[in-house]
K.L.:
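Can you read through this structure? Questions will come right after.
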Protein chains: 2
Amino acid sequence: MTTEADRPPEPDRVRAPNIRDVARVAGVSYQTVSRVLNDSPNIRPETAERVRAAIDELGYRPNQAARALVTSRSRTIGVLSGQTSHYGPATSIQAIEMAAREAGYRLSITNISSSEYTSIKSGLDYLMSQAVEALIVIAPQVRVFEAINDLQVAVPFVTLEATGLNTSHSLWVDQVQGARMATKHLIELGHTEIMHISGPQDWIEAEARMQGFLRELGDADLRTRAPILGDWTASFGYYAGLELLRYRDFTAVFAGNDQMALGFMHACREMGLSVPGDISIVGVDDIPESAHYAPPLTTVRQDFAEIGRRAVGLVLGELRGEAGLSHDPVQPQLIVRESTAKRA
Amino acid sequence: MTTEADRPPEPDRVRAPNIRDVARVAGVSYQTVSRVLNDSPNIRPETAERVRAAIDELGYRPNQAARALVTSRSRTIGVLSGQTSHYGPATSIQAIEMAAREAGYRLSITNISSSEYTSIKSGLDYLMSQAVEALIVIAPQVRVFEAINDLQVAVPFVTLEATGLNTSHSLWVDQVQGARMATKHLIELGHTEIMHISGPQDWIEAEARMQGFLRELGDADLRTRAPILGDWTASFGYYAGLELLRYRDFTAVFAGNDQMALGFMHACREMGLSVPGDISIVGVDDIPESAHYAPPLTTVRQDFAEIGRRAVGLVLGELRGEAGLSHDPVQPQLIVRESTAKRA
DNA sequence: GCTCGCGATGTGTACGTTCACATCCGCACG
DNA sequence: CGTGCGGATGTGAACGTACACATCGCGAGC
């Protein structure tokens, strides 16, 4: 009835309403309010309605900290990522965020600036200090596994894009397969001298793409040559191209990602070479821009968003004790555009 | 002395050590431990050392939830962002994350999938339920301000990239100035018929760039034409190009971002037009790839990372009650490459 | 030698919630 | 008509920490 009159005088500092304030307004005990909040059974609909009305009236919001304290559940998923500004990680993280929020979890993201072990470890340490309930790693560096062991991470975790290693904790695009598709495509076009510009050696996915490339080449009995170790950037592709094209002892290039492919095409243009007339190029990722490169890039599409969603499903499933969740690799897809052609 | 013998029997479920466990091991009171944790003065160095040793021994980590509960400070900054997978937001967020972590804050990020008012509001609502202490908005939609008002957001907030509006809460790259630089550059090259492909109308920065474009054109007494309203994507730039180039009643294009510029160049190529021979093009953002487009793109550089860092500085400053913080717009920079040339 | 003051440390309590358990009521069953 | 049972609701405690205040000891000043 009287919702204001008989309350104690307003304190100076306005305090956010708590569960007891709601209870008082609704004329029930705080426990009943708690029950409504956690929609537990055995509440009379009429009572629940009154509580909900009180909640609205007061603009009450449950205090997450108090809840976390008593349940000792932070409802937080930690994300350890390398450069979150890159297309792949950024896309995955966005999907992770949405899937997590859907499931009532929030994210704690941390960027590791370098691939130094100490950097990984301190990033991981930070996440542990946030009491994350699960961990998703998008920093596909080999040393992450070490760090996870060293810190005795006891929560469910999954690493993205880390082909082949430690499969029970991995979820990945089948990079080996993707690389084979790209390489096979070039071979089928008649190319026999194929160059690979790889990502940094300590990225597992770079390693996997290199393996796929080498295996496909081996299966076709073609000469393999040492891949160039790049850094994923367009600039690297460009300078590598300027260097490599001085010899021109190859007619096709498989680049570890679209950006390096772009840089390489830039170098071709500058050296007066036609793509795909003189050199065929394949990238990986299918970033949205690659369809508009000059020429539009043949590339291996990866579904980063799907990977992110599945990662969340996986760790939350494990958290709920569900077993036997699917770790099947996500299949990449070859997108043929105009940067590849039959060997002249 | 005895650090193990006289403790109560181990409970079944291993409980994380708390401040009292540390105190017991260190032989001090829990309050002393608390003091060491919050490095308050008046602790004997020797005591502090003993406490620290106990912390290490037990692998103790402060419980953030308990801390948040009692201090009623969440140490969280909310980030409301549009597509976090885009280069600009992603770069800013990365910088925000690092700056925030540096300052002992974590982030709660939420993506809004559409620019619908309800979507913005629910995103904001989510962040408020996280009890964020401050808010950084990277979703530069006009309606965000409405939502912030409607929800009576009482925390310090700052919107990024929202030129000109509500300046006390904005931090921005001077988009108007950037657009003017781009336009002026084209005018100085002799172009008089310049087309603008803008971002979506409800993005404040798109609006600002359009204003800058129109003003510069006005100052030069050149004919203005209705800008095309795009969606930031390369594909839009491409299709818009195919359409517009059927008439060819312009010799230069100012695109709202690099991706649309890329798409437009693609269309030029397909229509048999040379860039910059027939058409000059300027973009905005200077994403890392744009230096390797065909041709390398003249563009207006924005320092997204700097913006992110300053946003954190601003809201945390306000939180500490510091006044008179700099809201000076960040100056963009024209990067002249090869997509622009004197009018034929 | 006594007191004052201050540095160093300890004790009580509150934060807001959930869990375990207690209580109350009405209805079905014998 | 008494008993038991289960649905609906209430009470007490605990989670781990920081703040306010209390206490202790020791050296300076008279």
Side-chain angles (χ1 to χ4, degrees), chain A residues 8 11-52 54-55 58-76 104 128-131 133, chain B residues 8 11-52 54-55 58-76 104 128-131 133:
Chain A
D12 293 344
R13 190 173 57 90
V14 279
R15 183 178 52 77
N18 65 19
I19 205 176
R20 291 187 148 88
D21 297 323
V22 174
R24 204 175 312 126
V25 171
V28 296
S29 77
Y30 58 86
Q31 174 60 4
T32 301
V33 176
S34 174
R35 276 192 260 262
V36 172
L37 289 173
N38 299 290
D39 35 42
S40 71
N42 305 341
I43 289 278
R44 208 153 32 120
E46 179 196 319
T47 310
E49 203 35 64
R50 219 170 47 217
V51 170
R52 262 186 275 276
I55 287 173
L58 296 176
Y60 165 79
R61 290 177 187 282
N63 182 317
Q64 309 273 7
R67 195 175 266 190
L69 177 60
V70 70
T71 59
S72 55
R73 298 190 52 194
S74 64
R75 294 239 164 228
T76 301
M128 291 300 107
S129 78
Q130 305 293 319
E133 291 183 38
Chain B
D12 293 343
R13 188 175 58 89
V14 278
R15 183 177 53 74
N18 64 22
I19 205 175
R20 289 187 150 89
D21 297 323
V22 174
R24 204 175 312 126
V25 170
V28 296
S29 77
Y30 57 84
Q31 174 59 7
T32 301
V33 177
S34 174
R35 277 192 259 262
V36 172
L37 290 173
N38 299 289
D39 35 43
S40 70
N42 304 340
I43 288 281
R44 207 153 32 121
E46 181 197 319
T47 311
E49 204 35 65
R50 219 169 47 215
V51 170
R52 262 186 274 275
I55 287 174
L58 296 176
Y60 165 80
R61 290 178 188 283
N63 183 317
Q64 308 273 4
R67 195 174 266 192
L69 177 60
V70 71
T71 58
S72 56
R73 299 189 51 191
S74 64
R75 295 237 163 228
T76 301
M128 290 301 105
S129 79
Q130 304 294 320
E133 291 183 39

K.L.:
Could you state the atom-to-atom distance from CZ of B:Arg67 to C1' of D:dC19 in whole Å?
P.N.:
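So the CZ-C1' distance, B:Arg67 to D:dC19, works out to 14 Å.
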K.L.:
Do A:Leu69 and B:Gln64 have side-chain heavy atoms sitting under 4.5 Å apart?
P.N.:
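They are not in side-chain contact.
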K.L.:
To the nearest Å, how far apart are B:Arg20 CZ and D:dA18 P?
P.N.:
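My rounded result for the distance is 12 Å.
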K.L.:
Which whole-number value in Å describes the distance from B:Arg73 CZ to D:dT17 P?
P.N.:
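Checked: the CZ to P distance equals 17 Å.
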K.L.:
Rounded to the Å, how far apart are B:Ile55 CD1 and D:dT17 C1'?
P.N.:
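Whole-Å distance recorded here is 13 Å.
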K.L.:
Take the protein atom CG of A:Asn63 and the nucleotide atom P of D:dT17, then report the distance between them rounded to whole Å.
P.N.:
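It works out to 16 Å between those atoms.
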K.L.:
If you apply the rule side chain to side chain contact (heavy atoms under 4.5 Å, CB included), what do you find for A:Tyr30 with A:Asp21, and how did you get there?
P.N.:
CA-CA 8 Å; A:Tyr30 58 86; A:Asp21 297 323; over 6 Å; no
K.L.:
Could you check if a side-chain atom of B:Ile43 sits within less than 4.5 angstrom of a side-chain atom of B:Val51, using non-hydrogen atoms only?
P.N.:
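Side chain of B:Ile43 against side chain of B:Val51, heavy atoms only: no contact under 4.5 Å found.
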K.L.:
If I take atom OH in residue B:Tyr60 and atom C1' in nucleotide D:dC15, what distance separates them, rounded to the nearest angstrom?
P.N.:
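After rounding, the gap between these two atoms is 13 Å.
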K.L.:
For the CG atom of A:Leu37 and the CD atom of A:Gln31, what is their distance to the nearest 0.5 Å?
P.N.:
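Those atoms lie 10.0 Å apart.
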K.L.:
Considering only D:dG16, D:dA18, D:dG7, which nucleotide approaches the side chain of A:Asn42 most closely?
P.N.:
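The answer is D:dG7, which lies nearest to the side chain.
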K.L.:
Indicate yes or no: at least one non-hydrogen side-chain atom of A:Arg15 is less than 4.5 angstrom from one of A:Asn18.
P.N.:
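With C-beta onward as the side chain, the pair touches.
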K.L.:
Map A:Pro41 and B:Arg35 onto DNA chain D by nearest heavy atom, then report which one ends up closer to the 5' terminus.
P.N.:
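On the 5' side of the pair lies A:Pro41.
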K.L.:
Axis-to-axis angle across the helix from C:dG1-D:dC30 to C:dG30-D:dC1, five pairs an end, to 10 degrees?
P.N.:
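The end-segment axes of the helix from C:dG1-D:dC30 to C:dG30-D:dC1 are tilted 50° relative to each other.
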K.L.:
Mind checking the CZ-CZ spacing from B:Arg52 to B:Arg50? Nearest 0.5 Å is all I need.
P.N.:
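Here the interatomic distance stands at 12.5 Å.
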K.L.:
From the 5' end of DNA chain C to its 3' end, which nucleotides mark the outer limits of contact with chain B, defined by a 4.0 Å heavy-atom distance cut-off (strictly under)?
P.N.:
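Reading along DNA chain C, I get C:dA8 to C:dG16.
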K.L.:
Pick the closest DNA chain C nucleotide for B:Thr71 and for B:Gly27 by heavy atoms, then say which residue is nearer the 5' end.
P.N.:
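Its nucleotide being nearer the 5' end, the pick is B:Gly27.
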K.L.:
Per the side-chain contact (heavy atoms from CB on, under 4.5 Å) rule, which among B:Val25, B:Thr47, B:Ile19 passes with B:Val33?
P.N.:
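Only one of B:Val25, B:Thr47, B:Ile19 forms a side-chain contact (heavy atoms from CB on, under 4.5 Å) with B:Val33, namely B:Ile19.
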K.L.:
Which residues in residues 43-51 of chain A have a heavy atom closer than 4.0 Å to any atom of DNA chain D?
P.N.:
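By residue number: A:Ile43, A:Arg44, A:Thr47.
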K.L.:
Report the C-alpha separation of B:Arg75 and B:Glu133 in whole Å, then their side-chain angles, then the decisive distance to 0.1 Å, and conclude whether the salt bridge (Lys or Arg N to Asp or Glu O under 4.0 Å) test is met.
P.N.:
CA-CA 7 Å; B:Arg75 295 237 163 228; B:Glu133 291 183 39; 5.4 Å; no
K.L.:
Can you confirm whether A:Asn38 sits close enough to A:Arg67 that some side-chain heavy atom of one is under 4.5 Å from a side-chain heavy atom of the other?
P.N.:
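Side chain of A:Asn38 against side chain of A:Arg67, heavy atoms only: contact under 4.5 Å found.
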K.L.:
Can you check the B:Gln64 CD to D:dT17 P distance for me, whole Å?
P.N.:
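About 10 Å, once rounded to whole Å.
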K.L.:
If only atom types and distance count, is the side chain of B:Thr76 paired as donor or acceptor with the main-chain N or O of B:Ser74 below 3.5 Å?
P.N.:
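A pair under 3.5 Å: yes.
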K.L.:
If I take atom OH in residue A:Tyr30 and atom C1' in nucleotide D:dA14, what distance separates them, rounded to the nearest angstrom?
P.N.:
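It is 11 Å, rounded to the nearest whole Å.
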K.L.:
Using the closest heavy atom to pick a nucleotide of DNA chain C for each, name whichever of A:Arg61 or B:Thr32 lands nearer the 5' end.
P.N.:
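So the residue in question is B:Thr32.
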